[in-house]
Amino acid sequence: MSKIIIIGGVAAGMSAASKAIRLDPKTEIVVYEKGNFLSYGACGLPYYVSNVNDDYTKMIARTPAQFEEMGIKVKLRHEVVKVYPEDKSVVVRDLENGNMFVDKYDKLMISTGAAPIVPPFPGVNLKNVYTLKTLEDGMVLKEALSKDSVKNVVIVGAGYIGMELAESMVELKKNVRVIELGSQVLGNFDTEISSIVEKELIKQGVNLSLNESVQELLGYEEVKAVKTDKGQYEADLVVLCIGVRPNTGFLKSLPLQMERNGAIIIDREMRTSIPDIYSAGDCAMVYHKVLEENAYIPLGTTANKLGRIAGENMLGKHIKFKGTLGSAVAKVLDLEVARTGISEKEAMKFALDYNTVFVKTSSHASYYPNPTPIFIKLIYEKQSKKLLGAQMVGEKGVALRIDVFATAIHNEMTTAELGMLDLCYAPPFAGVWDAIHIAANAAK
């Protein structure tokens, strides 16, 4: 009977454990998780913080007891501090009592995720300065925001989490300011799309400070203000949403191939450069289908897929991941904003021969009440017209349509093929030519 040890028990780790135990119930599987919770939907944290969902247990897919019933041994509050590939062992610290012990594996999976980047600003250790990555983070932040004394909230960083938290702060009726070092919100979108999001934020009372660099957090014991290179802003609470860094510091002494940011390099079967060690999730790179090379794209959707593949391959299969497109969607106040494939910025960076088209169309037929605009940008190969990327923003009808574009890119369809795709039509939902058709047929 073989033994699998999994380090990290949120998305990729528990997907791997679940798949492996279903394939071979006799396999011994042990999961070491540093935190207090397993298998939860971290993408739901902004909605928990804002009380849209007031029960954190709804974000938990399975409890430790349920995994134990499946035959998976779960060890919460246990941190793996060292890996010894030469004798296939790990050193584990029990965080409850500090005891250390050694465990042996036949196959090892590293799914330790990523941690928020916290720059060494002066004042960063003041009270009421938070990050939001884990369920524990969400519980602490929710409690802090419930205090009447917290009126002015500053969010540092304007990526997905920063934007969703801005909405949360509006929901909680806080005065909110977003400070972003770059020139736009949602930096992985092109400016045609992000500028529409910026207008929505300003319309709903969010203060935007773009092209600003945080210099210092001011206060005595608690944070009272944020000082940037352009000004100073009151702050009863600060949330740092600057990005994440792979949790791989404990592996630095290993001859393990990693990117400069610490992300583990894996092949398309989830294998690392060390035999019998696999990895997946936010601590690892992932193969990008359009770029045809590895990229660092920490998304829960991808982590779950790669975990599932790792679970099979650790039992001897050789399933290859087809590739990610970085497909993602976010709700920002009254807007849905989504993307898949590559942006124009990425097409330029990789010197691709491409064209773009940007169209304004409608969520449904104009003669049915309350149509709303949808803005779509497509990136496609100049000669073949093969679709490479799509971005969308609008009040409704965006979130599901982006999946059609993702399917088209995955299957290497051209804009001409997409423009004649047999999509459904009824006036409440679409025009006879859907927004997808209109954008695709505008590509010349």
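Sequence positions, counted from 1, serve as the residue numbers for this chain.
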#### Entry: Point-to-point distance, once rounded to the nearest 0.5 Å, from CG of L165 to OH of Y47
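Here the interatomic distance stands at 9.5 Å.
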
### From CG (L240) to CZ (F121), nearest 0.5 Å
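Here the interatomic distance stands at 6.5 Å.
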
### Query
With S327, which of D403, T340, T302 fulfils side chain to side chain donor-acceptor pair (under 3.5 Å)?
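With S327 as partner, side chain to side chain donor-acceptor pair (under 3.5 Å) holds for just one option, T340.
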
Those residues that, when tested against [X], pass side chain to side chain donor-acceptor pair (under 3.5 Å) (two or more places apart):
| X | answer |
| --- | --- |
| E198 | none |
| T372 | S363 |
| N97 | D94, N99 |
| T301 | none |

Please identify each residue that fulfils salt bridge (Lys or Arg N to Asp or Glu O under 4.0 Å) with [X], with sequence neighbours left out.
| X | answer |
| --- | --- |
| K199 | none |
| K230 | none |
| D103 | K3 |
| K34 | E79 |

### Query
Any luck finding a side-chain donor-acceptor pair between S213 and D229 under 3.5 Å?
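Note: S213 and D229 side chains miss the donor-acceptor criterion.
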
### Task
State whether a side-chain donor-acceptor pair under 3.5 Å links E344 with Y354.
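Short answer, yes.
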
### Query
Which of parallel (below 30°), tilted (30 to 60°) and perpendicular (above 60°) describes F358 and F375?
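Rings of F358 and F375: parallel, as their planes differ by under 30°.
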
### Message
Using every non-hydrogen atom in the two residues, find where A235 and V238 come nearest and quote the distance to one decimal.
### Response
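Reported closest heavy-atom pair: CB-CG2, 3.9 Å.
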
### Query
Step by step, would you call D282 with K133 a salt bridge (Lys or Arg N to Asp or Glu O under 4.0 Å)?
CA-CA 11 Å; D282 292 0; K133 185 69 172 67; 3.4 Å; yes

Donor-acceptor contact below 3.5 Å, side chain [X] vs main chain [Y]:
| X | Y | answer |
| --- | --- | --- |
| S111 | A12 | no |
| S279 | I110 | yes |
| K104 | D87 | yes |
| E216 | L218 | no |
| K345 | G187 | yes |
| E336 | A330 | no |
| N128 | V223 | no |
| Q215 | T228 | no |
| H410 | A408 | no |

### Task
Identify, with sequence neighbours excluded, every residue that meets side-chain contact (heavy atoms from CB on, under 4.5 Å) alongside E180.
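side-chain contact (heavy atoms from CB on, under 4.5 Å) list for E180, sorted by chain: A158, L210.
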
Name all pairs fulfilling the side-chain hydrogen bond (donor to acceptor under 3.5 Å, both in side chains) condition that reach into [range], sequence neighbours left out, sorted by first residue then second.
| range | result |
| --- | --- |
| residues 165-179 | N152-N175, E167-K331, R177-S209 |
| residues 257-268 | D267-R271 |
| residues 186-195 | Y160-N188, Q184-S194, D190-K377, D190-Q391, E192-K377 |

[X]/[Y] ion pair, N-O < 4.0 Å:
| X | Y | result |
| --- | --- | --- |
| D353 | K382 | yes |
| E200 | K203 | yes |
| R339 | E346 | yes |
| E312 | K317 | yes |
| D276 | K88 | yes |

### Query
Y32 and side chain to side chain contact (heavy atoms under 4.5 Å, CB included): which partner among R93, H78, R77?
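Per the side chain to side chain contact (heavy atoms under 4.5 Å, CB included) rule, the option paired with Y32 is H78, out of R93, H78, R77.
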
### Query
Could K305 and F321 be counted as a cation-pi pair, given that NZ or CZ must be under 6.0 Å from the ring centre and within 45° of the axis?
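No, cation not above the ring by the 6.0 Å, 45° rule.
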
### Task
May I ask you to check whether over 12 heavy atoms, not counting those of K73, lie within 6.0 Å of atom NZ?
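No - once you tally the heavy atoms of other residues, nucleotides and ligands closer than 6.0 Å, there are 12 at most.
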
